[in-house]
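Report on one structure; see the data block that follows.
Positions are given from 1, in the same order as the sequence printed here. The structure presented is a predicted model; accordingly, all values stated were derived computationally and were not measured. Basis for what follows: all heavy atoms, side chains included, without hydrogens, waters or symmetry-related copies.
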Amino acid sequence: MLRLTDTKVVGYNNGNLCIIGEIYVDDISELPSPTGIDGYELVQSSVAYVIRSGKVCVMDSSGIWRDTDGNKISEV
């Protein structure tokens, strides 16, 4: 389950609001791509809390999720 809990709108692109988002997911496999949430485009500095593993992930400027050590979590 993915839950978007907070957003900061930073722009508009192709019909989607560009946001810095704060999301919660149960598992790493649920991390969305930058355009994986309908109506939104996640941008750099979006944060995801992964409940099952306890990881905190941050989206980089390439749309890749990274853990707090900078390791690539998911390239979606």
Side-chain angles (χ1 to χ4, degrees):
M1 180 178 98
L2 182 146
R3 178 165 295 191
L4 180 64
T5 60
D6 194 18
T7 63
K8 176 177 170 97
V9 176
V10 294
Y12 192 74
N13 186 30
N14 295 326
N16 293 324
L17 287 175
C18 296
I19 61 167
I20 297 172
E22 178 179 283
I23 64 173
Y24 290 83
V25 294
D26 288 328
D27 191 67
I28 285 175
S29 64
E30 297 174 320
L31 289 171
S33 68
T35 57
I37 302 174
D38 288 340
Y40 298 103
E41 183 173 328
L42 294 170
V43 298
Q44 180 179 9
S45 300
S46 292
V47 177
Y49 302 96
V50 184
I51 304 304
R52 194 164 286 150
S53 67
K55 288 189 179 285
V56 175
C57 304
V58 179
M59 184 173 279
D60 71 11
S61 62
S62 300
I64 297 171
W65 289 106
R66 298 194 178 269
D67 66 15
T68 54
D69 293 324
N71 299 314
K72 186 187 306 184
I73 296 295
S74 170
E75 186 170 354
V76 290

Side-chain heavy-atom pair Tyr49, Val25 within 4.5 angstrom cut-off: no
Set of side chain to side chain donor-acceptor pair (under 3.5 Å) partners for Asn14, sequence neighbours left out: none
Point-to-point distance, once rounded to the nearest 0.5 Å, from CG of Asn16 to OG1 of Thr35: 7.5 Å
Polar side-chain atom of Ser53 near backbone of Lys55 as donor-acceptor pair, under 3.5 Å: yes
Residue list, side-chain contact (heavy atoms from CB on, under 4.5 Å) with Ile51, at least two apart or on another chain: Tyr24, Asp26
Least distance between heavy atoms, Ser45 atom then Ile20 atom: O-CG2, 3.5 Å
Closest non-hydrogen atom pair, Val50 against Asp27: CG1-C, 3.8 Å
Residues in side-chain contact (heavy atoms from CB on, under 4.5 Å) contact with Asp60, at least two apart in sequence or another chain: Ser62, Ile64, Arg66
Minimal non-hydrogen separation, Gly63 against Pro34, with atom names: CA-CG, 3.7 Å
Taking every non-hydrogen atom, the tightest pair across Trp65 and Val47: CZ3-C, 4.1 Å
Residue pair Ser33 / Leu42: nearest heavy atoms and the distance that separates them: O-CD1, 4.1 Å
Heavy-atom closest contact (Met59 atom, Pro32 atom, distance): CE-O, 4.2 Å
